[in-house]
Amino acid sequence: MEPDALKNAVSTEAKRLGFDACRFAPAVRPPHSDAFLQWLQEGKAGEMKWLEKNADRRTDPQLVLPGAKTIIVLARNYAPQEGSPATPSEYQIARYAWGEDYHEVLTPRVRALEQILAAHGGQQRSYVDTGPVLERDYAVLAGIGWHGKSTMVISRDLGAFFFLGAVLTTLEIPPDQPAVDRCGRCTRCIDVCPTAAITAPQQLDARRCVSYLTIELKGSIPLEMRPLIGNRIYGCDDCAAVCPWNRFAKSSTEARFAAKGFHTSMLLRDFLSLDDAGFRELFRDSPIKRIKRRGFLRNVCVALGNTGTHEDLPSLHKAAAEPEPLISEHAFWAIQEIARRTQLAEGPLASSPA
Ligand code: SF4
Ligand code: SF4
């Protein structure tokens, strides 16, 4: 098959598999390789040591798939339906975790796309966010979108809420043109960040990012960062949500990305009564299961420390007696924070003359 005909066939199949965009980049060194290595060297990846371990592969697709010629970049929109059930105002979960785990939803589809390439003699490797590939760089090279100041890829058509997948293939397929940067003078994403994690346009200090602190960080959340996390219990997408390019995006047609029932039915303190089996059952299909009960309850304690009231204290005292030190330490902190806030609120009134 001629390269152009193969490109059409792959695009058609990607559309049939439900992808909103399918574009093609040459399998060259990612343009941000040097910046990525520098970022690692500066320690801004925090505890994400796996990024260092395979940094050589991330900056050379030939080490991932020898003979790779093309990287096919796929995008799937997860923008929630207008008026779809969100989390209660008591807490926030980032939109990418409202529905089923996107790795599980998209990986079989990306693998299915490999078949058409294999039938034409190609060798392939495919990834959805978990492989040694700088997917965002190739998404920009392929013209899915541009590197926003938030460091996310922003698309004219899809806005900021889409997942990426990548298929490396040894087949030569004509590349698409990169997209033009359309951030202009906008700085909304930088301004809205609750932790000042976007230190300059396209510069993220992951150690300050709520997504890192609540998902990637396995241990104790630094004390100075806890108040900044507010009521976010899994990830953060504030910088994506404010992007003005979302106004052109349509809602996702993927039912599996729709919000789960617990988003509207559970109070923050209810999560503290989950045992291991209860946690696994509640988050069976959700990406939240990745941080396990200890990580999730740690986050819930931080949110309660920032927003809870005396009504939450019985649940927090129970959590403080947990054998898991990560949970008990954060529960103690939350109890102290609630006590401090209560004293601040009641102190002057209680001591004022009648
Ligand atoms: S995800 Fe949240 S904390 Fe992280 S950079 Fe964006 S706005 Fe800041
Ligand atoms: S919010 Fe503004 S600056 Fe940030 S990525 Fe979107 S357009 Fe660019």
Side-chain angles (χ1 to χ4, degrees), residues 19-21 23 25 30-36 38-39 42 44-46 73-84 86-87 89 92-98 102 129 134-164 176-216 225 228-232 234-252 257:
F19 290 104
D20 298 291
R23 294 178 68 95
H32 281 81
S33 295
D34 290 342
F36 170 68
Q38 171 88 17
W39 180 77
E42 289 169 0
K44 290 182 179 163
V73 187
L74 302 149
R76 183 67 172 120
N77 168 18
Y78 66 90
Q81 296 279 346
E82 198 71 31
S84 67
T87 48
S89 55
Q92 299 180 59
I93 293 173
R95 288 166 184 76
Y96 49 74
W98 281 11
Y102 62 93
D129 195 28
L134 295 182
E135 281 153 333
R136 291 183 188 181
D137 260 25
Y138 293 108
V140 170
L141 264 187
I144 295 261
W146 66 96
H147 270 295
K149 289 177 189 169
S150 59
T151 75
M152 300 182 67
V153 180
I154 309 297
S155 155
R156 262 183 104 162
D157 304 321
L158 301 171
F161 293 122
F162 56 91
F163 299 121
L164 288 172
D176 288 309
Q177 288 300 309
V180 175
D181 185 329
R182 293 177 191 276
C183 279
R185 292 163 68 181
C186 174
T187 57
R188 283 193 201 183
C189 51
I190 298 174
D191 301 340
V192 80
C193 179
T195 57
I198 308 171
T199 51
Q202 303 175 347
Q203 301 282 329
L204 179 79
D205 187 342
R207 296 166 300 184
R208 298 190 66 81
C209 176
V210 177
S211 288
Y212 167 81
L213 293 166
T214 58
I215 300 174
E216 305 296 348
M225 298 308 296
L228 307 180
I229 290 173
N231 65 352
R232 298 170 186 83
Y234 189 90
C236 168
D237 52 12
D238 291 19
C239 51
V242 293
C243 185
W245 288 95
N246 289 326
R247 69 180 183 269
F248 299 113
K250 294 195 175 67
S251 303
S252 178
F257 293 152

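As the structure is a computational prediction, the values presented were derived from the model and not from experiment.
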> Yes or no on side-chain contact (heavy atoms from CB on, under 4.5 Å) for D181 and Q202, after CA distance, side-chain angles and deciding distance?
Replying inline: CA-CA 12 Å; D181 185 329; Q202 303 175 347; 4.0 Å; yes
>> Test side-chain contact (heavy atoms from CB on, under 4.5 Å) on H32 and V140; report intermediate values, then the result.
In response: CA-CA 11 Å; H32 281 81; V140 170; over 6 Å; no
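By the ring-ring contact (aromatic ring centres under 6.0 Å, His included) test, F161 pairs with Y78, sequence neighbours left out. Among residues two or more places apart in sequence or in another chain, the side-chain contact (heavy atoms from CB on, under 4.5 Å) test is passed with R23 by A142, I144, D176. Every side-chain contact (heavy atoms from CB on, under 4.5 Å) that R188 has, sequence neighbours left out, goes to C186, V242, P244. Listed by chain and number, the residues in a salt bridge (charged side-chain N to carboxylate O under 4.0 Å, His left out) with D129 amount to none (sequence neighbours excluded). Looking at residues two or more places apart in sequence or on another chain, you find no ring-ring contact (aromatic ring centres under 6.0 Å, His included) involving W39. Applying the side chain to side chain donor-acceptor pair (under 3.5 Å) rule to R95 yields the partners D237; only residues at least two apart in sequence or on another chain are considered. For R76, the salt bridge (charged side-chain N to carboxylate O under 4.0 Å, His left out) test picks out D20, E254, with sequence neighbours left out. Every residue meeting the side-chain contact (heavy atoms from CB on, under 4.5 Å) condition with D157, not counting sequence neighbours, appears here in chain and number order: S155. Applying the side-chain contact (heavy atoms from CB on, under 4.5 Å) criterion to E42, with sequence neighbours excluded, gives Q38, K44. Taking Y234 as the reference, nothing meets the ring-ring contact (aromatic ring centres under 6.0 Å, His included) condition, with sequence neighbours excluded.
Proximity of T214 to C236: side-chain heavy atoms (C-beta onward) are nowhere separated by under 4.5 Å.
A ring-ring contact (aromatic ring centres under 6.0 Å, His included) with Y102 is found for one member of F162, F163, F257 and no other, namely F163.
The minimum heavy-atom distance linking A206 with A45 is given by the pair CB-CA, 4.4 Å. For S150 against I198, the heavy-atom pair with the smallest separation is CA-CD1, 3.8 Å. Taking both residues in full, the closest heavy atoms of A160 and I154 are given as CB-CD1, 3.8 Å, listed atom of the first, atom of the second, then distance. In this structure, P194 and L228 approach most closely via the heavy-atom pair CB-O, 3.8 Å. L204 and C209 make their closest contact through CD1-CB, 4.3 Å (heavy atoms, listed as atom of the first residue, atom of the second, distance).
Every pair tested for salt bridge (charged side-chain N to carboxylate O under 4.0 Å, His left out) that includes a residue from residues 135-156 fails, sequence neighbours excluded, so the list is empty. Annotation: salt bridge (charged side-chain N to carboxylate O under 4.0 Å, His left out) contacts involving residues 194-205, sequence neighbours excluded, comprise D205-R207.
Rounded to the nearest 0.5 angstrom, R232 CZ and T195 OG1 are separated by 8.0 Å. The distance from atom OG of S251 to atom CG of N77, rounded to the nearest 0.5 Å, is 7.5 Å.
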